[in-house]
Amino acid sequence: MRVDVVTIFPDYLAPLELSLVGKAREAGLLDVRVHDLRDWTSDRHRTVDDTPLGGGAGMVMRPDVWGAALDELLAPAGAPGPADGGVELLVPTPSGEVFTQRTAERLAERAHLVLACGRYEGIDARVAEHYRDRGVAVTEISIGDYVLNGGEVAALVVVEAVARLLPGVLGNPESLTEESHGASGLLEYPVYTRPVEWRGLVAPEVLLSGHHARIARWRRDQALERTAVRRPDLLAALGPESLDRHDRAV
Ligand code: SAM
């Protein structure tokens with residue numbers, strides 16, 4: 001997968017060189033390129049913003065500068081283009097659709113993602129409109145109901161969540177099967193390791209039993225309880241077919 005991130009603070013994306021994402025890049029599983037939006041400016045001051053039409057506080061990012069950058073990055077020579085559905089433009093914004101594990105799974109199927117990191121009061125609304133009109137898949141994406149200073153943290157969230165789903169990125173792909181927000185629709189059960197007793201707290205005895213069926217049942221019950229307490233909305237969204245006879249008794 002190729003990922004282009006456009007920002008006025010390229011250094012903000014340095015964590016993409018670390019840990020699993022960094023290793024995936026080194027292994028050639030992920031081609032991440034971070035670009036400085038100011039490289040597409042044409043004035044001496046490398047201006048990317050202007051005052052909001054209609055008045056009001058703050059500054060708005062100019063569509064002409066973003067247009068120059070995105071024209072180039074959405075159709076790089078030899079890369080998959082809009083026609084084959086390989087590329088998706090992601091515009092982080094607190095007014096976007098909320099980014100979830102389902103979104104990450106969907107994006108992991110893409111050959112190419114382009115992330116446009118806004119700053120100030122955001123990017124002129126015509127940018128997303130223009131690329132949609134041109135047939136590009138565009139998603140305005142929010143990472144939660146709060147306001148950040150810029151789209152860079154959102155870009156880090158999206159790239160990490162998507163990258164770990166790509167084949168070969170996680171050392172043990174089984175890590176993905178029982179996770180929170182996965183196929184079961186439940187939060188993950190609590191996890192423990194050695195020492196068995198720590199500061200007077202003893203890990204659940206069942207986990208030491210070696211009895212796989214009992215452990216699986218205990219974990220399922222814990223996942224149900226935890227979801228019921230912490231995220232009743234997730235439990236309510238599960239269809240009856242997702243629950244077995246034992247589940248209903250929990
Ligand atoms: N004026 C905008 C509003 O009220 O919707 C907020 C702009 S915010 C200060 C600047 C930039 O931060 C946005 O353009 C976006 O790139 C990013 N941003 C802020 N909060 C975000 C969130 N919850 N999810 C994704 N991106 C966010």
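In each ligand, atom 1 is the first atom listed, and ligand 1 is the first ligand listed.
- Among Ile123, Val98, Ile143, the residue whose heavy atom lies nearest to atom 24 (N) of ligand 1 is Ile143.
- Backbone and side-chain nitrogen or oxygen atoms of Gly144 are examined, and one is located within less than 3.5 angstrom of a nitrogen or oxygen of ligand 1.
- For atom 7 (C) of ligand 1, the closest non-hydrogen atom of the protein is Tyr120 O, 3.4 Å.
- Panel note: side chain Thr139, backbone Ile141; no donor-acceptor pair is recorded below 3.5 Å.
- A donor-acceptor distance shorter than 3.5 angstrom exists from the side chain of Tyr131 to the backbone of Gly67, with no hydrogens or angles considered.
- Listed by atom number, the atoms of ligand 1 under 4.0 Å from Gly122 heavy atoms are 14 (O).
- Side-chain N or O atoms of Arg226 include one that pairs as donor or acceptor with a backbone N or O of Glu188 at under 3.5 Å.
- For ligand 1, the atoms lying closer than 4.0 Å to a non-hydrogen atom of Val147 are 8 (S), 9 (C), 20 (N).
- Within ligand 1, counting atoms from 1 as listed, the ones closer than 4.0 Å to a heavy atom of Ile141 are 25 (C).
- Between Thr41 and Arg62, the closest side-chain pair of non-hydrogen atoms is not below 4.5 Å.
- Checking side-chain atoms of Thr47 against main-chain N and O of Asp49 turns up no donor-acceptor pair under 3.5 Å.
- Among all protein heavy atoms, the one lying closest to atom 2 (C) of ligand 1 is Glu121 O, 3.8 Å.
- Here side chain to side chain donor-acceptor pair (under 3.5 Å) pairs that include residues 201-214, with residues two or more places apart or in two chains, number zero.
- Counting the atoms of ligand 1 from 1 in the order shown, those under 4.0 Å from a heavy atom of Ser142 are 23 (N), 24 (N), 25 (C).
- A distance-only check finds a donor-acceptor pair linking the side chain of Asp247 to the backbone of Asp244 [under 3.5 Å].
- Remark: distances from the non-hydrogen atoms of Phe99 to ligand 1 are all 4.0 Å or more.
- Atoms CG and CZ, from Leu16 and Arg25 in turn, are 6.0 Å apart once rounded to the nearest 0.5 Å.
- Which parts of ligand 1 touch Ala154 is read off a 4.0 Å heavy-atom cut-off, strictly below it: atoms 25 (C), 26 (N).
- Every side chain to side chain donor-acceptor pair (under 3.5 Å) that Asp39 has, sequence neighbours left out, goes to Arg46.
- Nearest to atom 18 (N) of ligand 1 by heavy-atom distance, out of Pro92, Pro94, Gly56, is Pro94.
- For the pair Val153 and ligand 1, no heavy-atom separation below 4.0 Å is found.
- Here is the list of ligand 1 atoms found below 4.0 Å of a heavy atom in Gly118: 11 (C), 14 (O), 16 (O).
- Among protein heavy atoms, the minimum distance from atom 8 (S) of ligand 1 is reached at Leu148 O, 3.3 Å.
- For ligand 1, the polar-atom distance check finds an N/O of Tyr146 within less than 3.5 Å of one of the ligand's N/O atoms.
- For atom 12 (O) of ligand 1, the nearest protein heavy atom lies closer than 4.0 Å.
- Distance alone, capped at 3.5 Å, is enough to place a donor-acceptor pair between the Thr227 side chain and the Leu187 backbone.
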